[in-house]
Structures are given as structure tokens and as C-alpha cells.
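As C-alpha cells, the structure follows; a few thoughts come after it.
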Amino acid sequence: MHPRSMRAMQVSPSVRAVQVPDDNPMHPDFTTIYLVGRGQVLSIDSGETMDRYRWMLRGYLAAVERSEIALAGITHHHADHSGNLKWIREELGAEIVTAKEAVPLLKGRLPRAGVRTFADGEVIDLDGGVNLRVLKSPGHSVDSVCYYLEDEGVLFSGDTLLGSSTTTVGDLGAYRRSLAMLIALPNLKVICPGHGPLVHDPRERLQQYINHRAMRERQILGVLEGGGALSSWDIMLQLYPDIDKRLRRAADNNVRTHLAQLEAEGRLNLFPGKPRRPDAAKARRDVEHAKQRTQVIAQARKYEAEQRRAEIRAQENPPTGEWIEPPRYELVGAANE
Ligand SMILES: [Zn+2]
């Protein structure tokens with residue numbers, strides 16, 4: 001099948017994955033909506049507010065599924081997971097289920113009626129004995145949850161664990177506790193992530209994540225054992241001396257999430273630093289310079305376009321700039337007639 005077309009596949013007896021091509025640079029392969037259960041169908045995540053997700057949901061349901069979505073759940077509030085909740089409520093009539101923590105973060109994306117919240121550990125009971133447990137897994141975001149279908153060994157991880165890349169982490173301490181909780185789940189066979197391919201070696205992948213974070217922490221502690229107080233940037237430069245310079249800020253952010261966790265655990269002294277006061281006069285000058293630069297660039301573009309037009313005109317017309325009267329040619333003998 002063409003890699004950019006929609007794909008739907010059976011993951012386990014009760015689970016279908018509908019993969020929608022994505023062109024977001026943060027997750028270039030695809031974003032997945034999962035459908036769980038037969039009689040009563042629960043959808044997990046709903047994609048961005050874009051027609052392709054809506055057409056996919058409606059088209060897939062019309063073409064393949066005999067039943068409609070009864071419940072629509074999300075793994076967290078981010079717009080690439082919750083964009084179509086209102087639409088699902090209005091067009092498909094499903095009840096929306098979400099973690100309490102997500103409600104205040106879903107500003108404007110929840111319908112007015114038909115929303116149910118659930119608590120950590122609560123079981124969602126679908127027809128035919130399909131039971132999903134809701135597991136709070138904060139870290140990527142404060143309201144992140146996973147859904148676990150233990151009977152079939154299927155974990156829906158949202159962005160807590162992705163199919164082919166590492167995720168962004170807000171609270172590293174919480175994130176590491178969430179990973180430790182997930183790796184201890186009984187009967188875990190496959191992870192269904194919010195983006196990217198299914199993970200068929202879930203424990204190995206979770207262990208890699210756990211090890212990776214533990215290694216980074218040991219490295220940071222190793223640098224600090226050299227003594228003295230260091231900034232996150234100093235630590236980053238020692239950890240990644242050969243890093244591509246364009247990735248330095250990202251690496252510094254990464255180091256800072258670790259430092260925040262270590263500090264919260266009381267393992268580091270924090271010297272708060274001194275923020276630079278915003279300089280109003282300099283800000284005004286910067287705005288003025290930016291405006292001038294934009295004008296100069298716009299003028300240069302205009303000249304460039306004019307020049308190109310002149311070149312085209314020159315190709316289309318005779319070289320009158322070179323000749324008052326151009327040379328002319330006549331067949332030998334023709335003038336003697
Ligand atoms: Zn996402």
C-alpha cells in the first residue's frame with residue numbers, strides 16, 4: 001500500500017488501528033486513532049482539527065465497521081489528540097470520556113454536554129466483556145493517561161511512549177514513575193502509540209527508555225561531582241562536546257529537565273540566578289532595526305523581480321539596443337533581376 005494513504009489494521013481481537021498520514025515535523029510518519037470493542041466502540045484519540053481525520057473516521061466507520069462510536073476517549077489534551085472531540089459529539093453522537101485533569105486544559109475543544117470524566121484505575125466496561133483500565137501516566141503532560149486492555153495485552157500509550165522517536169517530557173520525575181508503572185503491567189504484549197508504528201517488544205522498549213534516562217542522570221551527576229556550581233549550559237557542553245551547534249538549545253532543555261528533577265528530590269542546591277531586566281529602549285531599537293531590514297529585503301526582492309522581467313523582455317524582442325539598423329541578407333543574384 002502507498003505509504004501516504006490511510007491504513008487500518010487489526011491489532012488484537014478487539015482492537016483496530018487506523019493510521020492517518022501526518023506531515024507534522026514532530027511526528028512525520030502517521031497519527032493513529034484506535035477503535036476498541038465490537039458492539040459498543042470506544043475510539044482512543046481523535047487527531048487534529050483537519051478534514052482528513054474526520055473523513056477517515058467517517059469513511060472507515062461507514063466502509064468497515066458495522067457499529068458506530070459510542071465513546072470517544074483521549075490520552076491527553078494536546079490538540080493533535082483532542083482536535084475532533086466536538087465534531088465526534090455532534091456528528092457521531094458519541095459520549096466523550098476524559099481524565100478530570102484534562103478538562104481545564106481542553107479549553108474550547110469539549111462539547112457542552114455528553115462529557116464523562118474518569119478516575120485513575122477506573123475500568124471502562126464495553127459490551128462483550130471488553131474491559132479497559134485507565135492508568136494515569138503524567139510526564140509528557142500533566143493529564144496524560146494510558147488505557148490498558150489486559151485480556152489482550154494491549155496498551156494505548158498516547159505520547160507517553162511513541163512508535164519511532166523519543167517523546168518530549170514536561171515533568172521528568174513523574175515521567176520516570178509512569179514508565180516504572182507501565183513496565184510492571186501483567187500480560188503486556190503490544191503498545192499502541194499516538195504516533196508511529198506499533199511497538200511489539202513493549203518491555204524492551206520501556207526498559208530502553210528507563211535505562212536511557214538513568215544513564216543521562218548518572219552522566220549529569222558525574223559532571224557535578226567535579227565540584228562547584230554549574231549552569232545547565234556548562235553541563236550540556238561537557239556532556240555533548242561535539243554536538244551539532246543547532247541542537248545545543250534542545251540538549252540544554254533536556255539537561256534542565258533532569259536538573260529540575262534532581263533539585264525537586266533535594267539532591268542539588270539551586271542558586272536561582274539573576275534574570276536580565278528587559279531593556280525597553282533596546283527593545284524599541286530592535287523593532288525599528290527589524291522594520292528597516294524588512295524594508296531593505298522587500299526593496300531588493302522588487303529589484304530582483306524587475307531585473308528578471310527585463311531579461312525576459314530582452315529575449316522576446318530584437319536587439320534594438322545594439323543596432324540602429326541590423327544587417328540584412330539577400331540571395332545572390334536576386335538584386336540583378
Ligand atoms: Zn501527539
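Numbering of ligands and ligand atoms starts at 1, following listing order. Computed over heavy atoms, backbone and side chain alike; hydrogens, waters and symmetry mates excluded.
The aromatic rings of His76 and His81 sit tilted relative to each other, their planes meeting at an angle between 30° and 60°.
Asp80 has its closest N, O or S atom to the Zn ion (ligand 1) at the position named OD2. Nearest N, O or S atom of Asp159 to the Zn ion (ligand 1): atom OD2.
Under 2.8 Å from the Zn ion (ligand 1) lies an N/O/S atom of His195, whether from backbone or side chain. At least one N, O or S atom of His81, from either the backbone or the side chain, sits less than 2.8 Å from the Zn ion (ligand 1).
Inspection of the Glu265 and Gln261 side chains reveals an N or O donor paired with an N or O acceptor under 3.5 Å.
Atom CZ in Arg109 sits 8.0 Å away from atom CD1 in Ile74 (nearest 0.5 Å). Here the CG atom belonging to Asp171 is positioned 13.0 Å from the NE2 atom belonging to His140, to the nearest 0.5 angstrom.
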